[in-house]
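Working notes, beginning with the structure itself.
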Amino acid sequence: LDAERFSACVPRFGRFRRDNFKEVEKKLIGTSKPDPILIPSAVTTPPPEIQVARDLEEAGRLLRRCCDAASILLQQRTLVKNAAAIAAASCQHALTVTLPFPSTDPSKCFWRKGPMRRETQTNLLTLLQRVCKTYQSATAVVQGSRGLLGSRSVTFACAVCVADAVARVKCEDDPSEFS
């Protein structure tokens with residue numbers, strides 16, 4: 001503020017005057033923080049032409065894409081609105097829609113109809129565990145309701161059924177003691 005000399009002749013008014021307002025303003029505002037880096041995450045798990053996995057490798061790819069996208073999204077939950085709900089929906093879609101449900105008939109079961117290698121079996125079980133952990137952490141953050149509790153139960157039941165079918169497959173190269 002620029003004022004003429006002795007324009008404020010009221011006693012004790014001088015302490016309210018700010019002739020050096022630019023310096024005071026800089027001290028009050030402080031230094032600026034850099035903008036956070038937002039890493040884009042493709043949460044739409046399957047490409048549009050894929051509704052259900054057609055082979056074991058594709059099932060592994062879909063699960064891995066879901067895990068990676070949901071993990072990136074959950075790490076940025078302070079920057080993205082409803083990140084936990086979006087990650088939970090992505091994991092739920094991967095477990096209930098894109099993975100085929102096991103059948104009791106071995107000739108018609110997606111998981112048992114062809115030979116499986118031990119590394120594929122281990123990879124699928126590890127990815128299922130990772131998706132379930134991500135889904136659990138995402139739904140723990142979201143506000144609870146009866147619908148959420150029901151969808152969590154169904155989603156984990158689907159994951160358990162698929163994991164059971166994968167674990168019971170006798171691998172062609174190195175069968176485990178469990179199968």
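All values below come from the heavy atoms of this structure, side chains included, with hydrogens, waters and symmetry mates left out. Along the sequence shown, residues carry numbers from 1.
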query: Of all heavy-atom pairs between Pro115 and Leu56, which one has the smallest distance, and what is that distance?
result: O-CD1, 4.2 Å
message: Closer than 3.5 angstrom, by distance alone: can the side chain of Asp55 be matched with the main-chain N or O of Glu58 as a donor-acceptor pair?
response: yes
- prompt: Side chains of Leu73 and Ile86: closer than 4.5 Å at any heavy-atom pair?
  reply: yes
field: For the student: nearest non-hydrogen atoms of Asp173 and Arg118, plus distance
entry: OD1-N, 3.0 Å
message: Tell me if the CZ atom of Arg77 is crowded by more than 12 foreign heavy atoms within 6.0 Å.
response: no
- request: Kindly indicate whether the side chain of Asp164, heavy atoms from C-beta on, has any atom under 4.5 Å from the side chain of Arg168.
  value: yes
query: Roughly how far, to the nearest 0.5 Å, is the CG atom of Leu79 from the CG atom of Asp35?
result: 10.0 Å
- prompt: Which atom names give the shortest non-hydrogen contact between Gln143 and Leu148, and what distance separates them?
  reply: O-CD2, 3.8 Å
query: Is Leu128 reachable from Val160 through a run of hydrophobic residues whose side-chain heavy atoms are each under 4.5 Å from the next?
result: no
- prompt: Within the distance-only criterion (no hydrogens, no angle test), does the side chain of Thr126 pair as donor or acceptor with the backbone N or O of Thr122 below 3.5 angstrom?
  reply: yes
query: Hey, what do you get for CD1 (Ile72) to SG (Cys67), rounding to the nearest 0.5 Å?
result: 11.5 Å
- prompt: Is the backbone N or O of Val166 less than 3.5 Å from a side-chain atom of Gln121, with the two atoms forming a donor-acceptor pair by type?
  reply: yes
message: Can you list everything that forms a side chain to side chain contact (heavy atoms under 4.5 Å, CB included) with Ser137? Sequence neighbours excluded, please.
response: Leu74
query: Does a donor on one side chain sit under 3.5 Å from an acceptor on the other, for Gln136 and Arg152?
result: yes
message: To check you understand the geometry: which heavy-atom pair defines the closest contact between Cys66 and Ala94, and what is its length?
response: SG-CB, 3.7 Å
- prompt: Regarding Ser103 and Asp105, is there a side-chain donor-to-acceptor distance under 3.5 Å anywhere?
  reply: no
- prompt: Are any non-hydrogen side-chain atoms of Ser107 and Lys113 less than 4.5 angstrom apart?
  reply: no
message: Please determine whether the number of non-hydrogen atoms from other residues, nucleotides or ligands lying under 6.0 Å from atom CZ of Arg64 exceeds 12.
response: no
task: Please identify each residue that fulfils side chain to side chain contact (heavy atoms under 4.5 Å, CB included) with Ala157, with sequence neighbours left out.
output: none
field: Spatial distance of atom CD (Gln129) from atom OG1 (Thr134) [nearest 0.5 Å]
entry: 10.0 Å
Non-hydrogen atoms of Leu127 and Gly60 that approach each other most closely: CD1-O, 3.4 Å
field: Distance flag, aromatic centroids of Phe156 and Tyr135, threshold under 6.0 Å
entry: yes
query: Is the shortest heavy-atom distance from the side chain of Phe110 to the side chain of Val52 under 4.5 Å?
result: no
message: Arg130: which residues meet the side chain to side chain donor-acceptor pair (under 3.5 Å) condition with it, sequence neighbours left out?
response: Asp68
query: Are Leu125 and Val169 in one and the same hydrophobic cluster, where Ile, Leu, Val, Met, Phe, Trp and Tyr link if side-chain heavy atoms are under 4.5 Å apart?
result: yes
task: Side-chain contact test, heavy atoms from C-beta onward, threshold under 4.5 Å: evaluate it for Thr155 versus Cys91 and give yes or no.
output: no
task: Provide the closest heavy-atom pair for Ala88 versus Thr139 in the form atom of the first, atom of the second, distance.
output: CB-CG2, 3.8 Å
field: Within 6.0 angstrom of Leu38 CG, more than 12 heavy atoms from elsewhere
entry: yes
field: Stepwise side-chain contact (heavy atoms from CB on, under 4.5 Å) test for Asp174 and Arg117
entry: CA-CA 7 Å; Asp174 183 24; Arg117 295 176 46 205; over 6 Å; no
message: Distance check, rounded to the nearest 0.5 Å: Thr98 atom OG1 versus Arg65 atom CZ?
response: 10.5 Å
task: May I ask you to test the Leu99-Leu63 pair for a side-chain heavy-atom distance under 4.5 Å?
output: yes
- request: List the steps and the verdict of side-chain contact (heavy atoms from CB on, under 4.5 Å) for Phe101 and Thr96.
  value: CA-CA 8 Å; Phe101 205 70; Thr96 58; over 6 Å; no
